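To start, the structure under review is shown below, and the notes come after it.
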Amino acid sequence: MPPDIYAQPVLNLARALIGCTLLHDGVGGVIVETEAYHAGDPASHSFAGETTRNGKMWGPPGRAYVYRIYGIHWCLNVVGGAEAGAAVLLRALEPTQGLDRMRERRGVTDPRRLCSGPGKLAQALGVSGAQDGLPLDLPPFALLPRAAAAMLATGKRIGITKGADEPWRFGLAGSPFLSRRFPDP
DNA sequence: CCGCTGATAATCT
DNA sequence: GATTATCAGCGGA
């Protein structure tokens, strides 16, 4: 990705990532769903300031912020935004490469169930806390620009209680690989 | 198709 | 001690 992509306001970054391709060890696909979080946002881990867990959110942009949620799942974010303490949660991919590895890790075969949610995505790509802070433009990761313009859908973020009405979830309209459909306009 | 529930542990108060 | 940016499985319609 061009480095200046990461330096724009985090809402724009969240939109710009739709349609880009993310790979980890050659396994991954096209980003079809994202959510934006930033330090002025009560739903964000960065809202209460810098802590041990969220430290990468204040680090260099274009890197991974990986955290564990509900003691079970991992979630992968792209650190970025013109503002400090911002990140984009990657919620769903359209699997295109390494389908067999994803099926092994996930224990399902339906491609729509491999990466259709933040926890599933991290599991399918083999991402865990070990990758926290790694640059997404360098091995073992790769983040590639999209080939064509994406038809964007916008909606409220999922699974949060604070800031729940903010329309900071973005997706590829009509994609069958979303964690949830966007409401019809 | 939809909604509910248990699992499970780091993080923060 | 409460909360949590989740998921799979289950039961019902």
Side-chain angles (χ1 to χ4, degrees), chain A residues 6 9-18 22 24 29 31-59 61 63-81 83-95 102-133 136 153-172 174-184:
Chain A
Y6 304 114
V10 70
L11 292 184
N12 289 350
L13 176 61
R15 284 184 275 255
L17 287 171
I18 300 295
L22 173 73
H24 179 232
I31 298 170
V32 298
E33 186 180 339
T34 63
E35 283 178 0
Y37 293 86
H38 61 86
D41 166 15
S44 175
H45 291 168
S46 57
F47 184 63
E50 187 168 353
T51 65
T52 306
R53 173 176 65 161
N54 68 23
K56 298 300 183 297
M57 292 184 81
W58 275 270
R63 300 203 177 198
Y65 165 47
V66 185
Y67 66 90
R68 199 126 113 117
I69 186 64
Y70 296 105
I72 303 173
H73 308 287
W74 296 98
C75 291
L76 172 62
N77 296 249
V78 179
V79 173
E83 54 281 84
V88 175
L89 173 67
L90 300 180
R91 290 193 53 91
L93 298 185
E94 173 181 346
M102 294 195 213
R103 290 190 173 108
E104 286 172 22
R105 290 170 175 152
R106 293 271 306 116
V108 298
T109 56
D110 184 348
R112 291 169 300 182
R113 297 186 56 185
L114 292 176
C115 300
S116 55
K120 302 181 202 177
L121 185 160
Q123 186 186 18
L125 269 61
V127 169
S128 71
Q131 281 76 40
D132 189 35
L136 293 170
T154 302
K156 296 178 184 181
R157 296 175 292 180
I158 293 177
I160 54 176
T161 54
K162 304 164 209 158
D165 289 333
E166 303 288 0
W168 294 341
R169 171 181 178 234
F170 306 99
L172 188 61
S175 169
F177 301 97
L178 300 170
S179 68
R180 266 175 51 181
R181 301 207 76 99
F182 286 82
D184 294 327

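Numbers restart at 1 for each chain; the letters A, B, ... are given by sequence-line order, proteins then strands. No experiment lies behind these values; they were computed from the predicted model shown.
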note = Result for 5'-nearest mapping on DNA chain C, choosing between A/Val108 and A/Lys162, is A/Lys162
key: Interatomic distance, A/Ile69 CD1 vs C/dT3 C1' [rounded to whole Å]   = 9 Å
request  = Kindly say if A/Arg68 contacts the phosphate of C/dT6, meaning a side-chain N or O under 4.0 Å from OP1 or OP2.
outcome  = no
task = Tell me the partner of C/dT3, counting only Watson-Crick (N1-N3 plus N6-O4 or O6-N4) or G-U wobble (N1-O2 and O6-N3) with both under 3.5 Å; none if nothing fits.
result = B/dA10
inquiry  = Between the base of C/dA5 and the ring of A/Tyr37 - centre-to-centre under 5.5 Å, planes within under 30° - is that a stack?
reply    = yes
ask   = Tell me: CG of A/Asp110 to P of C/dG9, nearest whole Å?
value = 13 Å
ask   = Is the base of C/dA5 touched by the side chain of A/Tyr67 through a donor-acceptor pair closer than 3.5 angstrom?
value = yes
remark   = From the candidates C/dA8, C/dT6, C/dT4, the one with an atom nearest any side-chain atom of A/Pro118 is C/dT6
Ring centers of A/His45, A/Tyr37 separated by less than 6.0 Å = no
task = In whole angstrom, give the distance that lies between atom CH2 of A/Trp74 and atom P of B/dT11.
result = 8 Å
task = Would you check if A/Trp168 and A/Leu11 make a side-chain contact, meaning some heavy-atom pair closer than 4.5 Å?
result = yes
request  = Could you tell me whether a side-chain N or O of A/Asp110 sits under 3.5 Å from a main-chain N or O of A/Arg112, the two making a donor and an acceptor?
outcome  = yes
task = Would you mind pulling out the nucleotide paired to C/dA8, Watson-Crick or G-U wobble, both distances under 3.5 Å?
result = B/dT5
ask   = Touch check for A/Arg91, heavy atoms < 4.0 angstrom, all strands: base, sugar-phosphate only, or nothing?
value = sugar-phosphate
query = Are A/Thr109 and A/Arg103 close enough that a side-chain donor and a side-chain acceptor fall under 3.5 Å?
reply = no
message = What verdict does the salt bridge (Lys or Arg N to Asp or Glu O under 4.0 Å) test give for A/Arg157 and A/Asp165, after you've listed the backbone C-alpha separation in whole Å, the side-chain angles of each residue and the deciding distance to 0.1 Å?
response = CA-CA 8 Å; A/Arg157 296 175 292 180; A/Asp165 289 333; over 6 Å; no
task = Starting from P on B/dA9, measure out to NE2 on A/His73 and report it in whole angstrom.
result = 12 Å
query = Looking only at side chains, do A/Arg106 and A/Gln123 share a donor and an acceptor under 3.5 Å apart?
reply = yes
request  = Select base, sugar-phosphate, or nothing to describe what A/Leu89 touches, counting heavy atoms under 4.0 Å on all strands.
outcome  = base
task = Select base, sugar-phosphate, or nothing to describe what A/Arg169 touches, counting heavy atoms under 4.0 Å on all strands.
result = nothing
query = Which residues in residues 39-59 of chain A have at least one heavy atom lying under 4.0 Å from any atom of DNA chain B?
reply = A/Thr51, A/Arg53
inquiry  = Using the salt bridge (Lys or Arg N to Asp or Glu O under 4.0 Å) definition, which of the options A/Arg91, A/Arg15, A/Arg180 pairs with A/Glu35?
reply    = A/Arg91
Length of the CD1-P vector between A/Ile72 and C/dC7, whole Å = 10 Å
